[in-house]
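Taking it in order: structure first as structure tokens, then the write-up.
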Amino acid sequence: MNEWVLVVDDDAGNLKTASHILLKSGMRASCVKSGLEALRFLESRIPDLILLDIHMPGMDGFETLKHIRENDQTSGIPIVFLTADEDSEAETRGLEAGAMDFIKKPFVPEVLLTRVRHIIELTRLQNDLESQVKEKTAEIFRQKETLKRLNVQIVMTLSGAVDAKDRYTSGHAMRVADYSREIARRYGWNEDQAEKIWLIGLLHDIGKIGIPDYIINKPDRLTDEEYEITKQHPEMGWHILQNIPEFPELAIGAHWHHERYDGNGYPDGIKGNDIPIEARIIAVADTYDAMTSRRSYRDILPQKVVRDEIAQGSGNQFDPVFASIMLEMIDEDKDYNMRQK
């Protein structure tokens with residue numbers, strides 16, 4: 001089914017340009033010239049996404065967004081603001097009101113299409129996940145089964161989907177989950193807590209579903225631009241997982257596993273104990289597995305090199321407590337079995 005986008009802009013030229021870009025890519029596009037026309041349009045039709053201009057006479061983009069979010073029939077439609085301004089205050093206001101992103105005018109076709117496709121894909125995936133969770137949860141309560149079975153089933157399925165995208169790091173999510181669980185156990189967590197971080201670890205890279213395959217499977221090092229795109233996967237993962245009320249902790253590992261203990265990580269640049277403890281554990285496990293897995297441009301690193309990197313990262317890249325536990329695990333691994341097979 002072709003994606004359907006509603007474009008709302010008072011400028012006929014912008015409507016024509018956006019419509020041409022979308023139609024040329026195989027999408028459906030409908031155009032209206034005001035917020036009021038958009039609301040009338042939505043009374044009978046629900047598009048996959050709305051591109052909404054901020055500055056329009058009469059009802060501006062913020063007021064239009066407010067009306068759309070207040071209507072139960074339209075509240076779930078993803079909305080991307082269109083703006084020619086460099087106004088961080090407007091962007092903050094828009095995101096707080098419920099917009100998912102901003103696209104600058106004049107349009108860059110590749111940027112417009114990439115943003116639209118990613119947001120539609122993420123919204124569909126999130127809706128599917130929520131529907132699946134609700135359906136399975138009702139079934140489990142009817143059968144008086146445990147919620148844990150649902151969590152494991154869904155998490156394993158999603159983890160496998162991410163793993164299948166990346167031909168170079170087969171088993172990465174499972175190994176990170178296993179290492180994270182062992183770190184948690186050695187730290188003193190009980191078995192329930194350790195199993196929970198195992199599940200969180202399985203989905204720490206779920207946001208990569210939204211990263212183009214050609215970047216994930218590129219046979220050599222990424223360009224700066226491609227690297228910036230991959231850095232979007234923590235927040236993509238957060239958006240996918242944050243609205244699963246039965247297991248809200250799932251979003252923690254996805255969102256913050258690339259933060260650094262010294263505050264120089266991403267996406268939020270938080271540091272020290274401000275980083276959730278689950279993410280601090282997964283960060284060590286994730287980096288360890290990255291070094292002990294094959295890449296298209298290198299083989300598995302020698303164990304001493306890996307150990308030295310973890311030791312050097314203690315206190316700056318990693319929480320020193322969990323780096324110390326990882327070093328203990330490395331020292332016990334005399335035959336270097338903790339690596340991609």
Side-chain angles (χ1 to χ4, degrees), residues 148 151-163 166 169-208 233-234 237-238 240-242 244 247-261 265-267 270-293 300-301 303 306-307 309-311 313-333 336-341:
K148 182 177 179 180
N151 289 335
V152 172
Q153 179 184 1
I154 292 177
V155 169
M156 291 291 289
T157 300
L158 291 173
S159 177
V162 178
D163 209 29
D166 192 341
T169 58
S170 176
H172 170 70
M174 182 67 74
R175 290 190 299 274
V176 171
D178 287 344
Y179 300 151
S180 298
R181 178 172 56 188
E182 181 60 21
I183 292 171
R185 284 171 174 164
R186 294 182 183 224
Y187 181 62
W189 283 8
N190 62 38
E191 200 58 29
D192 285 344
Q193 291 172 308
E195 286 303 308
K196 181 172 284 190
I197 199 169
W198 181 77
L199 293 171
I200 296 170
L202 281 176
L203 289 187
H204 75 283
D205 271 342
I206 186 66
K208 287 186 177 179
H233 79 269
W238 169 259
I240 292 170
L241 299 174
Q242 66 174 329
I244 300 179
F247 198 169
E249 298 90 345
L250 281 177
I252 291 175
H255 196 184
W256 289 298
H257 68 280
H258 280 296
E259 298 292 353
R260 289 173 53 105
Y261 198 70
Y266 63 89
I270 55 178
K271 65 180 180 179
N273 291 342
D274 290 338
I275 306 169
I277 190 170
E278 296 90 348
R280 281 180 273 147
I281 292 173
I282 290 170
V284 179
D286 184 42
T287 302
Y288 175 84
D289 188 68
M291 292 188 288
T292 58
S293 300
I300 295 169
L301 297 178
Q303 189 182 43
V306 175
R307 190 193 190 285
E309 289 294 323
I310 297 293
S314 179
N316 45 71
Q317 183 173 355
F318 312 118
D319 184 321
V321 173
F322 301 126
S324 176
I325 294 175
M326 189 77 247
L327 292 172
E328 178 184 282
M329 292 164 58
I330 293 171
D331 291 340
E332 292 176 8
D333 183 23
Y336 201 10
N337 291 317
M338 287 197 308
R339 59 188 178 91
Q340 184 183 26
K341 303 305 179 186

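Here the CD1-CE distance, from Ile310 to Met326, works out to 6.5 Å after rounding to the nearest 0.5 Å. Taken to the nearest 0.5 Å, the CG atom of Leu203 stands 12.5 Å off from the CD atom of Glu249. The CG atom of Leu301 sits 8.0 Å away from atom CD of Glu309, with the distance rounded to the nearest 0.5 Å. Atom CD1 in Ile281 sits 11.0 Å away from atom CD1 in Ile252 (nearest 0.5 Å). The distance from the CD atom of Gln193 to the CD atom of Glu278 is 9.0 Å, given to the nearest 0.5 Å. Here Met338 contributes atom CE and Tyr288 contributes atom OH; the two are 3.5 Å apart, rounded to the nearest 0.5 Å.
A salt bridge is defined here as a Lys NZ or Arg NE, NH1 or NH2 lying under 4.0 Å from an Asp or Glu carboxylate O, and Asp178 with Arg175 fails to meet this definition. A salt bridge between Arg181 and Glu195 is present, with a side-chain N of the basic residue lying under 4.0 Å from a carboxylate O of the acidic one.
Within a 6.0 Å radius of OH in Tyr266, other residues, nucleotides and ligands contribute more than 12 heavy atoms.
For an aromatic pair to be called close, the ring centres must be under 6.0 Å apart, and His204 with His172 satisfies this.
Residues passing the side chain to side chain donor-acceptor pair (under 3.5 Å) test with Trp238 are Gln242, sequence neighbours excluded. The side chain to side chain donor-acceptor pair (under 3.5 Å) search around Asn337 returns none, not counting sequence neighbours.
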Listed pairs under 3.5 Å, donor-acceptor, residues 313-325 side chains, sequence neighbours left out:
from   : atom 1 : to     : atom 2 : distance (Å)
Asn316 : ND2    : Gln312 : O      : 3.0
Asp319 : OD1    : Val321 : N      : 2.9
Asp319 : OD2    : Arg280 : NH1    : 2.7

Subject >> Trace of the side chain to side chain contact (heavy atoms under 4.5 Å, CB included) decision for Tyr179 with Met174 >> reply: CA-CA 9 Å; Tyr179 300 151; Met174 182 67 74; over 6 Å; no
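Ring pair His233/His257 is tilted by interplanar angle, where 30° to 60° counts as tilted.
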